[in-house]
Amino acid sequence: MSNELENKVAFVSGGSRGIGAAIAKRLAADGARVAITYAKGADAAAEVVKTIEGAGGRAIAIQADATDPAAVKAAIDRAVALLGKLDILVNNAGTAIPKQFEEATLEELDRVIDINLRGVFITTQAALKHMNNGGRIITIGSCVGERMMTPGLVAYSATKGAIRMFTQGLSREVGDRGITVNNIQPGPIDTDLNPASGEWAVPQKANTALNRYGTVDDIAAMVGFVAGPGASYITGANLTVDGGTNA
Ligand code: NDP
């Protein structure tokens, strides 16, 4: 925790639970004013805001499905209106629908693409209209966007691989404004989406070098670093925080 992000404003998509909630709390602890979005979990989002404000920070929660361009644009506009500006965007909202590829319906494949890729496009375009010079765009990809050992995640890993190139491509377009664009690639992190207990967790844990799941705070720490002044020369990078899964 520091005051490195004092007077900065951050927008975190999908900040009501899991990794996004930890990121929001971490950026707030480092001094940023934070807006979070959620799709359905109003109570969970309100709880994150309460925790941040209880610790002396400033936060707001806005309902905005990452797949709905009008809702996302309205959320960004509202965050800027209420918090004054925009310096840091964290594209965190994402989902997986684990299933053998041949059994996945087109609707399921579209859903994964819509949230994990199209949602990032929509949110980033809306955010860039307001983002100050020296801003930060951080997307939560996945270690499976680089290397794949688990069956059942074909569409998911394809979207996370696309996020790698989205990151590299966009870094070339906004660098002259001092805006950095980076992709943080978590390994198995204990959340509702990927609980550390149960059958699905066994091979994922075995694939790590550290023989354990990571925590949401492991990812939030990397986001805090990339959002801060010490990371101003890091851009177009894919930063893996996966306990050695891809080692
Ligand atoms: P969770 O399912 O635990 O939390 C997802 C968060 O995103 C919730 O706040 C949820 O809000 C929100 N969200 C989901 N869909 C939408 C949507 N359509 N629009 C807006 N918000 C939405 O997921 P994790 O915390 O585990 O994952 C966060 C990110 O990290 C994802 O991009 C995921 O792919 C990535 N990741 C996770 C790993 C893991 O092992 N957990 C590993 C590698 C990457 P609500 O409750 O309102 O729906």
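Atoms within a ligand are numbered from 1 in the order they appear, just like the ligands themselves. Every heavy atom of this structure was used, including side-chain atoms; hydrogens, water molecules and symmetry mates were not.
Within ligand 1, counting atoms from 1 as listed, the ones closer than 4.0 Å to a heavy atom of D65 are 17 (C), 18 (N), 19 (N). Of all the atoms in ligand 1, the ones that sit under 4.0 Å from a non-hydrogen atom of N194 are 39 (C), 40 (O), 41 (N). Each of the following atoms of ligand 1 lies closer than 4.0 Å to a heavy atom of D192: 3 (O). Ligand-side atoms of ligand 1 in range of I19: 25 (O), 30 (O), 37 (C), range being under 4.0 angstrom from any heavy atom.
Residue, atom and distance of the protein heavy atom nearest to atom 19 (N) of ligand 1 are A66 N, 2.8 Å. For atom 16 (C) of ligand 1, the closest non-hydrogen atom on the protein side is A39 CB, 3.8 Å. Annotation: atom 2 (O) of ligand 1 to nearest protein heavy atom, L193 CB, 3.5 Å. Closest protein heavy atom to atom 7 (O) of ligand 1: G14 CA, 3.4 Å. In this structure, the protein non-hydrogen atom closest to atom 42 (C) of ligand 1 is G187 O, 3.2 Å.
An N or O contact shorter than 3.5 Å is missing between G20 and ligand 1 by distance. For the pair T191 and ligand 1, the shortest N or O to N or O distance falls below 3.5 Å. At under 3.5 Å, a nitrogen or oxygen of S16, whether backbone or side chain, sits near a nitrogen or oxygen of ligand 1. Geometrically, ligand 1 and G41 share a nitrogen or oxygen pair separated by less than 3.5 Å. For ligand 1, none of its N or O atoms has an N or O atom of C143 under 3.5 Å away. Not one N or O of G18 is nearer than 3.5 Å to an N or O of ligand 1, by distance alone.
Here the straight-line distance linking atom CG of N207 with atom OG1 of T245 works out to 6.5 Å at 0.5 Å rounding. In this structure, CZ in R26 is found 13.0 Å from CD1 in I52, a value given to the nearest 0.5 Å. T240 contributes atom OG1, which lies 11.5 Å from atom CZ of R147 (distance to the nearest 0.5 angstrom). For the atom pair CD1 of I234 and CD1 of I138, the computed distance is 10.0 Å after rounding to the nearest 0.5 Å. With rounding to the nearest 0.5 Å, the separation of CD in E108 from CD1 in I113 is 12.0 Å.
The closest approach between P188 and ligand 1 falls below 4.0 Å for a heavy atom of the residue. Using a non-hydrogen distance threshold of 4.0 Å, A21 does not register as a contact of ligand 1. Taking a 4.0 Å cut-off on heavy atoms, I115 registers as neighbouring ligand 1. Under a 4.0 Å heavy-atom criterion, Y156 is in contact with ligand 1.
Remark: the T159 side chain and the N116 side chain contain an N/O donor-acceptor pair separated by less than 3.5 Å. A side-chain N or O of T67 and one of D65 form a donor-acceptor pair less than 3.5 Å apart. Checking Q204 against N194 by side-chain atom types alone, a donor-acceptor pair falls below 3.5 Å. N238 and Q168 are linked by a side-chain donor-acceptor pair at a separation below 3.5 angstrom, with hydrogens and angles left out of the test.
Residue A93 holds the heavy atom nearest to atom 13 (N) of ligand 1 of all those in A93, A44, A75. Considering N116, I163, I189 only, the shortest heavy-atom separation from atom 39 (C) of ligand 1 involves I189. With atom 48 (O) of ligand 1 as the reference point, the heavy atom nearest to it among K160, R17, R111 is part of R17. Among V120, N91, N92, I140, the residue whose heavy atom sits closest to atom 31 (C) of ligand 1 is N92. Among G94, A64, G141, the residue whose heavy atom lies closest to atom 44 (C) of ligand 1 is G141.
Neither I88 nor F11 shares a network with the other; the hydrophobic side chains, linked directly or stepwise wherever heavy atoms of I, L, V, M, F, W or Y lie under 4.5 Å apart, form separate groups for each. I140 and L170 fall into different hydrophobic clusters, where Ile, Leu, Val, Met, Phe, Trp and Tyr residues are linked whenever their side-chain heavy atoms come under 4.5 Å apart, directly or through other members. Transitive grouping of hydrophobic side chains (ILVMFWY, heavy atoms separated by less than 4.5 Å) brings I137 and I76 into a common cluster. By the rule that hydrophobic residues join a cluster once side-chain heavy atoms approach within less than 4.5 Å of another member, V226 and V34 end up as members of one cluster.
By the 4.5 Å heavy-atom criterion applied to side chains, R33 and N7 are counted as neighbours.
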